[in-house]
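Beneath this line is the structure, given in structure tokens, with notes to follow.
Since the model is a prediction, treat every value here as computed from it, not as a measurement. Every number for a ligand or one of its atoms is a count from 1 in the order of the listing.
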Amino acid sequence: MVDLLPEHTPLWQHVEATAAAHFRRAAVREIRTPLLEVTELFARGIGEATDVVGKEMYTFLDRGERSCTLRPEGTASVVRAAIQHGLLSQGPQRLWYGGPMFRYERPQAGRQRQFHQIGLELLGFAAPRSDVEAIAIAWDLLADLGVGGLALELNTLGSPDDRARYRDELVAWLQAHREQLDPDSQQRISTNPLRVLDSKNPATQALLEGAPSLADALSGESHERFSCVRRGLEALGIPFTLNPRLVRGLDYYSHTAFEITSSQLGAQATVCGGGRYDGLVEQLGGAPTAAIGWAMGLERLVLLLAGAGPAAAAPPPPDLYVVCRGEQAEARALPLARLCRQAGLAVEIDPSGAGFGKQFKRADRSGAAWAAVIGDEEAADGVAILRALRRSSSASGGSSGEDQRVTPEQLVALLREGR
Ligand code: ATP
Ligand code: MG
């Protein structure tokens, strides 16, 4: 689990603000759910047979002996909340969420035990064009952030009937080739056979070239639906490649599955993963509700953007740096800073009590455009000396760079003019 230090947070804030703006323009509203849920929610909402539930959850008994889990993803909680608060009876919901998720994984670059996601959930949307819209929102956000080397991989899992039929075929084939599979994949034959398709084991991957294909198992209707999605993406000019191995292993996932990767990331290349989960709301106790969504990993985004120029801009410096020395002067500094802050200016006070020379050096390093200097004499008169620290501030202040003796009110007025 990782600390985000002050030098890191500006980039995070930039990413979060950009995402929030995209969601707002797409008429998607934010939902915030607790970090902690009863374990049962994820067992049912993600599935016992997945790595996430099987191996990665932070699960413990609370003081009331209830099994609790730190959320490993956002979708199950959003769907729970939508059901619990009757949101779905008010019509389709366009929701987004963001925040920390927890998975007990092996930490490495782009993979942490506490990590952050933002995600989109369109609940009550069945048409293929909603798949296209969901993907477009993710694509445009990543493009706007300036993420390079983007690629969209697309697949369809077909309808639940298609999948059930394919699953039987695949299981029969995997059984027949059991000896040649890696141990993980052997185990998945009974628990989660579709996930064998995206096994990372090279020998298994080679063997799978001969496996029955999901595309062959699709009904005419599923084919037509998928081609609608592809045409929609083409119409928007969003490039994609088809990846028949891209699966989400659970029964309530259907039709569209997709991932967005960046060639500029190493082994952990996926920044966004999503798909259609028409069966989930019902699985969690709601009325049958079509839905599509995605989740994006912010650590990987930040890795991509770090050092990428404008996006990584440092926070703006304060407008004013207060240099003060002597007990009287120091007592005047905070009221002055407070007055300025109430007027919307950013102010830093030198706390050191050091000599003026040292304080001016610090004032300069702070990047502030102006310094307000208070010594004993100024304190006694209830004024400060306003000094331009940057060429541009002297110009906008209209003072040709000379020090000015000003009351706090005059100082505020001058600075607000100069901004
Ligand atoms: P991966 O194959 O990388 O483990 P996943 O299929 O487990 O991904 P999802 O559950 O689809 O990932 O989560 C969506 C996104 O969240 C991922 O594409 C990735 O960007 C990010 N993500 C997932 N797990 C982590 C993690 N442990 N640390 C950082 N980011 C993560
Ligand atoms: Mg994972």
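Under the 4.0 angstrom criterion, atom 6 (O) of ligand 1 counts as lacking any protein heavy-atom contact.
Protein heavy atom in closest approach to atom 27 (N) of ligand 1: E105 OE2, 2.6 Å. Protein heavy atom nearest atom 30 (N) of ligand 1, with residue, atom name and distance: F115 CD1, 3.5 Å. Counting only heavy atoms of the protein, atom 15 (C) of ligand 1 lies nearest to Q117 NE2, 3.7 Å. In terms of protein heavy-atom proximity, atom 11 (O) of ligand 1 is closest to R248 NH2, 3.1 Å. When hydrogens are left out, the protein atom nearest atom 17 (C) of ligand 1 is T270 O, 4.0 Å; that is the closest non-hydrogen contact. Remark: minimum distance from atom 28 (N) of ligand 1 to any protein heavy atom is reached at Q112 N, 3.0 Å. Residue, atom and distance of the protein heavy atom nearest to atom 12 (O) of ligand 1 are R103 NH1, 3.8 Å. Here the protein heavy atom with the shortest distance to atom 1 (P) of ligand 1 is R111 NH2, 3.6 Å.
Contact analysis puts R300 in contact with ligand 1, with a non-hydrogen atom separation below 4.0 angstrom.
Proximity of E73 to ligand 1, defined as any heavy-atom pair under 4.0 Å, is not found for any part of the residue. Neither the backbone nor the side chain of D51 has a heavy atom within less than 4.0 Å of ligand 1.
Between L170 and L197 the shortest side-chain heavy-atom distance falls below 4.5 Å. In this structure, P193 and R188 have side chains that are not in contact, with every pair of non-hydrogen atoms separated by 4.5 Å or more. Looking at F356 and V323, their side chains come closer than 4.5 Å, going by heavy atoms from C-beta outward. Proximity of L157 to L214: side-chain heavy atoms (C-beta onward) are separated by under 4.5 Å at one or more points.
The aromatic rings of Y277 and Y253 sit perpendicular, their planes meeting at an angle over 60°, well past the 30° parallel limit.
The residues R231 and E224 are annotated as salt-bridged, a charged nitrogen and a carboxylate oxygen being separated by less than 4.0 angstrom. Between D364 and R390 there is a salt bridge, since at least one side-chain N of the basic residue sits less than 4.0 Å from a carboxylate O of the acidic one.
Shown here for D140 and H22, the closest heavy-atom pair between the two residues is O-CE1, 3.5 Å.
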### Message
Does H177 form a ring-ring contact (aromatic ring centres under 6.0 Å, His included) with W173? I'd like the steps, not just the answer.
### Response
CA-CA 6 Å; H177 297 79; W173 188 90; 3.9 Å; yes
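Contact atoms of ligand 1 toward G297: 15 (C), 16 (O), 20 (O), 21 (C) (distance under 4.0 Å to a heavy atom of the residue).
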